[in-house]
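To start, the structure itself, in structure tokens.
Small disclaimer: the values here were computed from a predicted structure and weren't measured. Atoms considered below: every heavy atom in the structure, side chains included; atoms not considered: hydrogens, waters and symmetry mates. Each chain gets a letter, A, B and so on, in the order its sequence line appears, and its residues count up from 1.
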Amino acid sequence: MKDYLMKLNDNQLKACTDSIGPSLIIAGAGSGKTRVLTYKIAYIIDEMNVNPYEILAITFTNKAAKEMKTRLYNLIGNKRDFVNCATFHSFCAQVLRKEIEVIPGRKRSFQIIDDDETETLVKEAMVELNQDIKLVKPKLYASSISALKSELATLSSFDKYYAEKLEPVYRKYEDLLIKNNLLDFDDLILHTINIFRSHPEILSKYQEMYKYILVDEFQDTSNIQYDLIKMLGEKYENVFIVGDEDQSIYSFRGANIENIRKFMRDFPNYKKFVLDQNYRSTKNILDCANTLIKKNKNRIPKDLWTDSKGGEEVKMDESYSDKSEARDIADEIKRLYYREGYEYKDIAILYRNNFLSRNFEDEFIKDKIPYRIYSGLSFYKRKEVKDMISYLRLSINPDDFYAFKRVINSPRRGIGESTIEKIEAVIDKEEISLSEAIEKVEVYKTVKETLSNFRSMIISLSQELDNKTLEEFFNLVYLRSGYKAYIDSLDEDERKKRQENIDELFNSISEVETLGSTLETLIDYLQNVTLKTDEDIESSDENHVSMMTMHSAKGLEFKIVFAVCLENDIIPGYRADKVSLIEEERRLFYVAVTRAKERLYLSYSDSRYKYGKMNHSEKSVFLDDLEIHSKRKKEISLIEEKPTPPPSGAYSIGDRVNHKINGDGVILAEIEGFYIILFDNIKTPKKVIVNHPLLKKV
DNA sequence: GCGTCCTCGTTTTTT
DNA sequence: ACGAGGACGC
């Protein structure tokens with residue numbers, strides 16, 4: 001037996017070595033899930049003498065796939081290069097590059113479009129059908145089409161009137177995709193599964209090719225992804241799924257927790273392994289997590305346990321305003337840094353919604369606490385990145401109309417909507433290529449000149465492809481397209497930001513594996529670039545506090561976690577009106593809690609600024625289950641900003657008072673330094689400290 | 001074609 | 001509050 005197996009606990013070892021037939025591995029948070037997956041792959045190769053290329057390991061993100069590859073290297077070295085570690089989408093793209101031509105009208109050279117482009121095409125389809133894009137937003141149709149494609153919905157499951165309008169848009173959108181040799185993200189999976197369904201010989205080929213299939217984060221699979229795994233694994237049944245239903249937080253994009261149960265039904269010989277020993281958190285943190293998740297009804301009971309000792313108490317803090325919550329946390333972070341020897345990079349702030357980062361950002365700037373917000377636009381969605389990619393696309397195919405449309409006026413060349421429409425009309429009417437249409441289209445002389453200059457620029461670029469490396473070519477495109485001049489002309493801040501992105505793109509291009517010629521390399525790069533994300537842009541060693549949503553924190557861990565803004569209508573969100581949704585929100589909170597290794601801070605505030613208004617807010621119902629006493633924060637830091645509070649006990653019972661946040665109300669009682677006040681527009685009486693700075697007599 | 005004003009909406013995220 | 005995107009006027 002290989003000595004690396006000694007590093008596993010009993011359950012992990014059993015899960016690794018029992019590798020024939022279907023297995024269900026229930027892996028709790030911090031229980032060594034990735035370790036089991038990688039060791040299992042190593043075991044299958046080393047001990048069962050299986051060829052590495054017979055193994056397919058599927059994850060959801062590129063990041064996870066990459067992580068798996070890295071960790072495999074330490075176990076099996078270069079043999080890992082033959083293991084197919086892919087995401088659902090990249091695996092399907094691989095299959096389709098080979099097999100898609102069995103679908104009439106489809107070509108192997110397809111481009112993959114992201115959902116911005118999907119939305120653009122849906123919009124275009126609607127315009128062609130004379131549908132009002134203000135009446136129904138293209139985005140809504142796009143998401144309905146996505147639901148249809150991922151088999152989450154059928155036309156009849158929609159409202160009849162809506163379906164009648166949606167159906168022609170769907171068809172037109174499909175026409176556009178086929179006409180332009182494009183596939184959207186859902187198509188990758190849908191077409192793969194359709195080919196498998198209609199061509200048993202192709203399915204059988206892939207079943208033979210991949211005799212061992214491992215799927216990570218199984219609780220996040222959608223129905224169609226489940227079907228894909230089921231079909232591929234049906235023959236040999238060596239299907240190993242790893243998941244934790246308590247961490248299922250993506251139902252809004254089709255994840256179906258029931259897939260774990262479907263697996264048990266479809267592979268009745270499955271063996272179950274439960275990894276419930278947590279190696280990440282202290283006992284106190286784990287107890288908190290267990291107490292929390294126990295409240296969910298729709299789950300198979302499971303308690304995580306740990307050998308580690310109690311550790312620090314979980315702290316719960318109440319603030320009276322969103323600003324003071326952020327202020328207090330900034331103070332605490334400084335204390336942890338200066339007094340307790342923690343580094344900033346040990347610390348994470350986790351919140352439910354992106355916009356909640358604002359107050360923390362403000363305070364961290366004030367205190368010069370280094371931070372980084374992980375969120376927002378993914379790298380490949382930024383304008384300058386997409387523009388440059390469009391130029392690259394044009395230089396291998398000067399007739400790529402969508403790429404043309406994207407950059408003909410970026411940087412500005414004085415070509416607008418109407419000229420593009422004219423060109424499009426010519427293409428459609430005369431059924432000619434973009435290049436020909438540019439020659440033929442009737443426009444003002446100056447416009448014509450601009451167009452033909454643009455065209456010669458593109459043509460001359462494409463001629464340079466032969467004698468340049470991809471990096472050199474990229475630089476040339478950047479220069480000749482006028483994009484460099486455009487970036488340079490921007491003002492300082494903008495320029496810096498965009499230049500960074502361009503540089504980053506350049507870096508990612510220089511890391512591309514070189515194929516035969518530069519042209520081939522570029523084609524391969526462009527075919528797969530849409531499937532990439534900013535996976536490897538992070539990982540800087542900078543010492544900063546990490547700020548991110550609870551969703552993005554999944555899979556990560558920090559010594560210290562501040563779970564913040566824990567208020568009703570934030571978590572659980574105001575849209576969570578059904579039990580199943582509230583349970584998902586609770587799982588999200590659970591994910592946040594289980595990120596913490598040493599210390600966990602929970603906090604909420606009595607009031608919060610939202611949409612330009614100060615609103616009363618109340619402690620999240622999830623916190624009620626935790627039996628941790630919340631400490632009310634002292635209100636010192638606010639004094640400098642707010643009017644001097646009146647002396648303690650300045651009011652009497654029955655007085656009408658005004659509270660800056662809660663509005664007018666009447667004092668019902670005074671207990672232990674607090675007034676109990678019934679505010680006019682809050683149903684239940686609130687406790688307010690007697691010398692609250694925001695309290696005035698009416 | 002482009003700049004500016006106004007209206008509208010506003011969860012989470014990956015591919 | 002604020003940003004995106006449409007409407008409108010030059």
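The CD1 atom of Ile249(A) sits 8.0 Å away from the OG1 atom of Thr549(A) when rounded to the nearest 0.5 Å.
Counting to the nearest Å, the C1' atom of dT12(B) and the CZ atom of Phe252(A) are 4 Å from each other. Summarising the geometry, the separation between NZ on Lys139(A) and P on dG9(B) is reported as 13 Å, rounded to the nearest angstrom. Following rounding to the nearest Å, Leu350(A) (CG) and dT12(B) (P) show an atom-to-atom distance of 15 Å. Summarising the geometry, the separation between CD on Glu421(A) and C1' on dG1(B) is reported as 13 Å, rounded to the nearest angstrom. When rounded to the nearest whole Å, the span between CZ of Arg586(A) and C1' of dT12(B) equals 18 Å. Rounded to an integer number of Å, the gap from CD of Gln94(A) to P of dT15(B) is 15 Å. Distance Ile415(A) CD1 to dC2(B) P: 9 Å, rounded to the nearest Å. Across the protein-nucleic acid pair, Ile570(A) atom CD1 and dT12(B) atom P stand 12 Å apart, rounded to whole Å.
Out of dT15(B), dT13(B), dG3(B), the shortest distance to the side chain of Phe185(A) is found at dT15(B). Of the candidate nucleotides dT12(B), dG3(B), dT14(B), dG3(B) has the atom lying nearest to any side-chain atom of Arg412(A). The side chain of Lys134(A) lies closest to dA7(C), out of dT15(B), dA1(C), dA7(C). Across dG1(B), dT13(B), dT15(B), the shortest atom-to-atom separation from the side chain of Arg253(A) is found for dT13(B). Nearest nucleotide to the side chain of His551(A), out of dT15(B), dT13(B), dG1(B): dT13(B). Of the candidate nucleotides dT12(B), dC2(B), dT15(B), dT15(B) has the atom nearest to the side chain of Thr87(A).
In this structure, the aromatic ring of Phe60(A) is not positioned over the six-membered ring of the base of dT14(B) within 5.5 Å between centres and 30° between planes.
Taking 4.0 Å as the cut-off between side-chain N and carboxylate O, Lys381(A) and Asp115(A) count as a salt-bridged pair. The pair Asp184(A)-Lys149(A) meets the salt-bridge criterion, since a charged nitrogen lies less than 4.0 angstrom from a carboxylate oxygen.
Phosphate proximity of dT12(B) to Ser552(A): absent, as no side-chain N or O sits under 4.0 Å from OP1 or OP2. Between dG6(C) and Lys123(A), a contact under 4.0 Å exists linking OP1 or OP2 to a side-chain N or O. Listed pair Asn354(A) / dT10(B) fails the phosphate criterion, with no side-chain N or O lying under 4.0 Å from OP1 or OP2. Side-chain N/O atoms of Asn62(A) include one lying less than 4.0 angstrom from OP1 or OP2 on dT15(B). Side-chain nitrogen and oxygen atoms of Thr419(A) include at least one within less than 4.0 Å of the OP1 or OP2 phosphate oxygen of dG1(B). Applying the 4.0 Å criterion to OP1 and OP2 of dC2(B), one finds that Asn409(A) has a side-chain N or O inside that range. Note on Thr549(A): a side-chain N or O is less than 4.0 Å away from OP1 or OP2 of dT13(B).
For the ring-ring contact (aromatic ring centres under 6.0 Å, His included) test with Phe562(A), the passing option among Tyr604(A), Tyr601(A), Tyr351(A), Tyr371(A) is Tyr601(A); the others fail. No option in Lys165(A), Glu119(A), Gln131(A), Lys123(A) other than Gln131(A) meets the side-chain hydrogen bond (donor to acceptor under 3.5 Å, both in side chains) test with Tyr141(A).
With the nearest nucleotide of DNA chain B identified for both Gly416(A) and Tyr611(A), Gly416(A) has the one nearer the 5' end. Between Gly414(A) and Glu584(A), the residue whose closest nucleotide on DNA chain B is further toward the 5' end is Gly414(A).
Counting non-hydrogen atoms under 4.0 angstrom, Phe355(A) reaches nothing in the nucleic acid. In this structure, Tyr250(A) reaches the sugar-phosphate backbone alone: every heavy-atom distance under 4.0 Å involves primed, P, OP1 or OP2 atoms, never a base.
The aromatic ring centres of Phe404(A) and Tyr402(A) sit 6.0 Å or more apart.
Cation-pi geometry between Arg586(A) and Phe589(A) is not met: the NZ or CZ atom fails to fall both under 6.0 Å from the ring centre and inside 45° of the normal.
With P as the reference atom, dG5(C) and dT12(B) are 16 Å apart, rounded to whole Å.
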